[in-house]
Amino acid sequence: MEKFKMPKDFLWGSASAAYQVEGAYLEDGKGLTNWDKFVRIAGKTFKGTTGDRAVDHYYRYKEDVALMAEMGLKTYRFSISWARIIPDGNGEINEAGLKFYEDLIDECIKYGIEPMVTIYHWDLPQALEDEYCGWESPKIIDDFVKYATVLFDRFGQKVKYWITLNEQNIFTTLGWMSALHPPGKFDDAKTYYQVNHHAFMAHAKTVIEFKKRIPNGKIGASFAYSPSYAINCDPKNAMSKMEFDDLKNYWWMDIYGYGRYPKAAFRYLEKQGFAPQFAEGDEEILKEAASKVDFMGVNYYQTSVCEYNPIDGVTPYATMNTTGVKGSGQITGQPGLFKNPPNPYLETTDWDWTIDPSGLRYGCREITSRYNLPIVISENGLGAFDKKEEDGSIHDPYRIAYLKAHIEELKKAMDDGCEVLAYCTWSCTDLLSWLNGYQKRYGFIYVDRDEESGSMNRYKKDSYYWYKKVIESNGEVL
Ligand code: BGP
């Protein structure tokens, strides 16, 4: 057998999100978003950090894209802020907002970088929150499709790759279960599943609309996938893995891939009184969209260990490590079903995220077996403290080691037969980490700013030069 080689058109990329990089939160007619409001509630983010200025990408996008081009990036995944396009969510279109993204897209294309657009990466026009509680109302479905359609009509000829929703599982879980994201609700399971159903419908109708308008484009959702392992072969722990997968993974991926909820999880929620309500026609729409998606988008950071959790055991509500003090995060779980203890075989980051490169292969294999869909790795990366030396260099061998190990496993997955179209690291420049401030850095490019201020100047880290070689050699030199 010949040694495996990455396909020639493989999309080596990097990803960001509007709120985390752009700044300019009040410029050029942009409406306020749920995040603009949420970060102003005392105690919600690390040291009260906001994305008001973020890393100034709104003004420095040309410099950033030039740096990406020099690195050889084949694709840049970024998100569009709904409130720049339609400031109040469902009213007038703001030409200045469209113009900003058009310029960004053109800048990418100028260098041969394939733009990959995320339609929604968590920043919702606050006006929709005020008008009808945002995702809690089915009204959002048509407003979302309308917004997406504006984007398709304007950018559809230039942008081939589209992602409907970024990590629906995360923004809904943190938004309605643990109050860590807007709208900051706690333990509201009934609303949580209904909110998810609305988000699924918005995704599905958007996919269907997209295919009518841009039949040659590619579209899918990006899911925060945590593949799971049972802690051991005790049958009750094996069962806990099954419960975890149904409720935490397949609940989302089965809708994207099959257009239906996993049966046992749905039954469990029915018994609890939390199952979502369907409107007439929803079932067919979900199925139709699933038959039309082009890929499963995967944001991969870590795997989970599953162990039986007694009914009086740990809950989904626990302290999250947002400070970078190792070991300050707590174990979570679903009473009566599963809990997720640490994996004794694996290291963790300073923010207690498990480092498991082989989990990427494992997850790709699972998706391929279960859904037989191509895969876009839309995020993967290491959040770490970085230090800029006197001479402006940044030595981040830990990030290189992390990415190298993950790419090696990705290649194995592809050699196993998984069709992977793209690999986007999180992130290209340093950026705002939603709850963890600016000290948790992910980029190849260091941005000189901390929680308070900074020059915003860009500096190349060692990993920048390393990824350039990876891309140049199409993954041969790691
Ligand atoms: C994903 C999000 C990204 C990004 C990343 C890193 O969940 O899609 O927006 O933030 O995780 O997470 P964090 O910033 O919490 O370290």
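FYI, the numbering just counts along the sequence from 1. Just follow the structure's listing: the first ligand is 1, and inside any ligand the first atom is 1.
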Which residue from Trp351, Trp122, Tyr442 reaches closest to atom 16 (O) of ligand 1 through any of its heavy atoms?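 Looking at heavy atoms only, Tyr442 sits closest to atom 16 (O) of ligand 1.
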Taking the minimum heavy-atom distance to atom 14 (O) of ligand 1, which of Gly381, Ser222, Ser433 ranks first?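 Result: the heavy atom closest to atom 14 (O) of ligand 1 is in Ser433.
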Provide, to 0.1 Å, the distance between [atom] and the closest protein heavy atom, together with that atom's residue and name.
| atom | answer |
| --- | --- |
| atom 15 (O) of ligand 1 | Asn436 ND2, 3.3 Å |
| atom 2 (C) of ligand 1 | Glu379 OE1, 3.4 Å |
| atom 7 (O) of ligand 1 | Glu167 OE1, 2.4 Å |
| atom 12 (O) of ligand 1 | Trp353 CH2, 3.4 Å |
| atom 5 (C) of ligand 1 | Tyr301 OH, 3.3 Å |

As an exercise, identify every atom of ligand 1 less than 4.0 angstrom from a heavy atom of [X].
| X | value |
| --- | --- |
| His121 | 2 (C), 3 (C), 8 (O), 9 (O) |
| Asn299 | 8 (O) |
| Lys440 | 13 (P), 16 (O) |

For Phe244, which of Phe338, Tyr229, Trp251 qualifies under ring pair (Phe, Tyr, Trp, His ring centres under 6.0 Å)?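 The passing option is Phe338.
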Name the one of Trp122, Tyr120, Tyr193 that satisfies ring pair (Phe, Tyr, Trp, His ring centres under 6.0 Å) with Trp135?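 So the option named by the test is Tyr120.
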Using 30° and 60° as the class boundaries, would you call the ring planes of His57 and Tyr61 parallel, tilted or perpendicular?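 Ring orientation, 0 to 90° scale: perpendicular.
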How are the rings of Trp353 and Tyr301 set relative to one another: parallel (under 30°), tilted (30 to 60°) or perpendicular (over 60°)?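 Answer is perpendicular, since the angle exceeds 60°.
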Stepwise salt bridge (charged side-chain N to carboxylate O under 4.0 Å, His left out) check, Asp254 with Arg370: CA-CA 9 Å; Asp254 281 9; Arg370 196 172 171 96; 3.0 Å; yes
Does a donor on one side chain sit under 3.5 Å from an acceptor on the other, for Gln334 and Asn309?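 On atom types as modelled, these side chains do not qualify, holding no pair under 3.5 Å.
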Does Tyr111 have any ring pair (Phe, Tyr, Trp, His ring centres under 6.0 Å) partners at least two apart in sequence or in another chain, and if so, which?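 With neighbours one apart ignored, the set is empty.
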[X], portion touching ligand 1 at heavy-atom distance under 4.0 Å:
| X | answer |
| --- | --- |
| Asn166 | side chain |
| Leu435 | neither |
| Phe171 | neither |

Between Arg441 and Tyr446, is NZ or CZ placed under 6.0 angstrom from the six-membered ring centre and within 45° of the ring axis?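 Pair Arg441/Tyr446 counts as cation-pi.
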Picking from Arg458, Arg449, Lys440, Lys461, what satisfies salt bridge (Lys or Arg N to Asp or Glu O under 4.0 Å) with Asp430?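 It is Lys461, the one option of Arg458, Arg449, Lys440, Lys461 that forms the salt bridge (Lys or Arg N to Asp or Glu O under 4.0 Å) with Asp430.
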